[in-house]
2 protein chains.
Amino acid sequence: MRRIAAALALIPLIAAAPAAKPKTPSEIVAAAPRADWREIPADDLLVFELRGGKKVVMQLAPAFAPVHVANIRALARGGWWNGASIYRVQDNYVVQWGNNESTKPFPAGVVAKPPAEYHRARKGLLITPLGSPDAYAPAAGFAGGWPVAYDPRAGTANLAHCYAMVGVGRDLSPDTGSGGELYAVIGHAPRHLDRNIAVVARVIEGIDRLSALPRGTEALGFYKDESMHVPISAVRLGSEIPAGARPAFQYMDTQSASFGAYLKARANRKDDFFIRPAGGVDLCNAAVPVRKKPA
Amino acid sequence: MRRIAAALALIPLIAAAPAAKPKTPSEIVAAAPRADWREIPADDLLVFELRGGKKVVMQLAPAFAPVHVANIRALARGGWWNGASIYRVQDNYVVQWGNNESTKPFPAGVVAKPPAEYHRARKGLLITPLGSPDAYAPAAGFAGGWPVAYDPRAGTANLAHCYAMVGVGRDLSPDTGSGGELYAVIGHAPRHLDRNIAVVARVIEGIDRLSALPRGTEALGFYKDESMHVPISAVRLGSEIPAGARPAFQYMDTQSASFGAYLKARANRKDDFFIRPAGGVDLCNAAVPVRKKPA
């Protein structure tokens, strides 16, 4: 199939390139030195086990929503999600899950009404600018391994609703959501939700176990009946898992030279397939590289 | 479930609102007068029938890639896709299908090497500007019902790789693809492909029949073996289908007052759920409304 070869060219495989050729984003990631990667702390990993034992791993973002993240840790430690399920899959939007928050009491340590952690002070963040315009904020970039939008005048910054990012379901304001009901983005970034919801995490492994689920047929992608719900058998923090079985991940330091080169290459694709590099890139099209910790 | 109610607020249902409230995007679409909708010609509809009889309907874009679109019409009329299959599903990227172009001869009328229809003259297009910055082009907007990026200085315009847009697989340049192998976008818009590939259509019904398919496990989302391929049983133009069974769709006139109001509302969400409207919107987050023709 000639077109299979053509399709392969759509995203070139990692391969040794002649010295004269510009490196592809994948080649830059593969060549990044150990010093350009940061460990994800075990207490920032949240491991969901779906029916059948398949896992979805998330990285929590305590620097952006500390009270919501503390709640999520307490919910995991208290086993609150045992028996939870995925009950909503809306195409090009979100997958959502939870555990009947209105009737199941929270474990100790959960703050029932957290503050509205929808943005934070820009101060204290080292931001690598995206270098391309953003439709939703005065500026965009990357801080501590996360995609952020920010407002230099207001001095605020917020996590962006990019693909695979995880937010907290809430009722109408002033409700801010506890963290018990969460959603992951599975479509074109719904950035209009930025600064309106607490963004608390991103899926770093197994997003396709959410994004390929059957879409719900009711309004907003809710499943028609409980027989379609996808059970979640267990949710644990990385720090609760015995050392031998504990997952270990790293993200690329967004202040590193490797990330700078990666970002530039994402904005200027020069692989053999491309005839016109864009000269720019969307915040959500330059996903921060994450990998399993090498042995 | 309290959070089900919360989730419902994520995209408000179409509902009667008090007069003082700003209309939601959905309310604007529902209230758009008949005069603000345009019929899609039957010869611009391409109906894929998947195994089991489920359909995926596409709208062709002859104003942007006339030779490729003429090829696609000739391939459909010649029954060339009968026995074709979906063989690639890459998460957050594309679904791709075709029919072994290298061994199956084309029907009469197919141009084997079409011109590189990757952009066109801006002249002749009535463009409604997006009103927000774009990371990939000097300007973006909507023309003839389609999302476009354009360069006022160069005088060019191109279809944008938004969610559900369909492009033509090709080999390395100077190959431009015949139209026999096609892909649909199922993730965050891969706009770096803009101006590098012929964009020829968009999925207007049944995108979830593509986006929820199991992801391929091989590099770039190719299915590991043919047993995973999804057979396409028939592909027909709307104009080939008997009048009684022929699908009929309309898109919102992107020059209409309704579209202007819709675009403004997408950029300034003021539904009860939102506490901070963004004041901007991404080109691919203001999908042109398409509906079945009302009876």
Side-chain angles (χ1 to χ4, degrees), chain A residues 1-11 13 87-88 91-92 94 96 98 100-102 132-136 162-163 169-173 175 177 180-181 183 187-192 194-196 207-208 211-215 219-220 222 269 272-276 278 280-282 284-285, chain B residues 1-11 13 87-88 91-92 94 96 98 100-102 132-136 162-163 169-173 175 177 180-181 187-192 194-196 207-208 211-215 219-220 222 266 269 272-276 278 280-282 284-285:
Chain A
M1 266 202 225
R2 188 165 66 92
R3 294 299 141 171
I4 291 276
L8 284 164
L10 279 174
I11 295 186
L13 294 165
Y87 50 75
R88 178 191 183 195
D91 195 60
N92 192 24
V94 298
Q96 188 166 339
N100 204 349
E101 199 167 84
S102 60
S132 297
D134 187 72
Y136 293 90
C162 295
Y163 193 83
R170 66 162 170 87
D171 273 329
L172 295 184
S173 182
D175 185 53
E181 308 289 313
Y183 61 88
H188 190 80
R191 297 277 312 278
H192 51 283
D194 286 7
R195 305 189 306 143
N196 283 279
I207 183 67
D208 56 317
S211 60
L213 288 172
R215 276 45 180 161
L220 308 181
F222 285 91
R269 297 294 290 264
D272 288 339
F273 185 78
F274 289 88
I275 55 176
R276 288 188 192 90
V281 65
D282 183 80
C284 296
N285 251 336
Chain B
M1 268 203 223
R2 189 164 65 92
R3 294 298 142 173
I4 291 277
L8 282 164
L10 279 173
I11 295 185
L13 294 166
Y87 50 75
R88 177 190 184 196
D91 194 62
N92 191 24
V94 297
Q96 188 166 339
N100 205 346
E101 197 168 270
S102 61
S132 297
D134 187 73
Y136 293 91
C162 295
Y163 193 83
R170 66 164 171 86
D171 274 329
L172 295 184
S173 181
D175 185 54
E181 309 287 315
H188 191 79
R191 297 277 312 278
H192 51 284
D194 286 7
R195 305 189 305 141
N196 283 281
I207 184 67
D208 55 317
S211 61
L213 288 171
R215 277 43 181 162
L220 307 180
F222 285 92
R266 288 292 300 173
R269 298 292 290 265
D272 289 338
F273 185 77
F274 290 88
I275 55 175
R276 290 189 191 90
V281 64
D282 184 79
C284 296
N285 251 336

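Throughout, protein chains are lettered first and strands after them, A, B, ... in sequence-line order, and every chain is numbered starting at 1. The figures that follow rest on heavy atoms only: side chains count, while hydrogens, waters and symmetry mates do not.
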> Is the side chain of A/Arg170 donor-acceptor paired with the backbone N or O of B/Phe273 at a distance under 3.5 Å, no angle test?
yes
> Determine the option with the most heavy-atom pairs under 4.5 angstrom with chain A, choosing from B/Ser173, B/Cys284, B/Cys162.
B/Cys284
> Examine distances only and state if a side-chain atom of A/Arg276 and a backbone atom of B/Arg195 form a donor-acceptor pair shorter than 3.5 Å.
yes
> Side chain, backbone, both or neither: which part of B/Tyr163 has an atom under 4.5 Å from a heavy atom of chain A?
side chain
> What's the separation between atom CG in A/Leu172 and atom CD1 in B/Ile275, rounded to the nearest 0.5 Å?
11.0 Å
> I'd like to know which of B/Ala278, B/Gly280, B/Ala212, B/Ser132 tops the heavy-atom pair count under 4.5 Å against chain A.
B/Ala212
> Select, from A/Asp134, A/Asp194, A/Asp208, the one with the greatest count of heavy-atom pairs under 4.5 Å involving chain B.
A/Asp208
> State, with a plain yes or no, whether a side-chain heavy atom of B/His188 is found less than 4.5 Å away from one of A/Asp282.
yes
> Any heavy-atom pair between the side chains of A/Asp91 and B/Ile207 that's under 4.5 Å?
yes
> What closest approach, in Å, do B/Asn285 and A/Arg191 show between heavy atoms, and which atom pair accounts for it?
ND2-N, 4.0 Å
> Measure across A/Ala135 and B/Pro133 and return the closest heavy-atom pair with its distance rounded to 0.1 Å.
CB-O, 3.7 Å
> Which bit of B/Leu213 is near chain A, if near means a heavy-atom gap under 4.5 Å: side chain, backbone, both or neither?
backbone
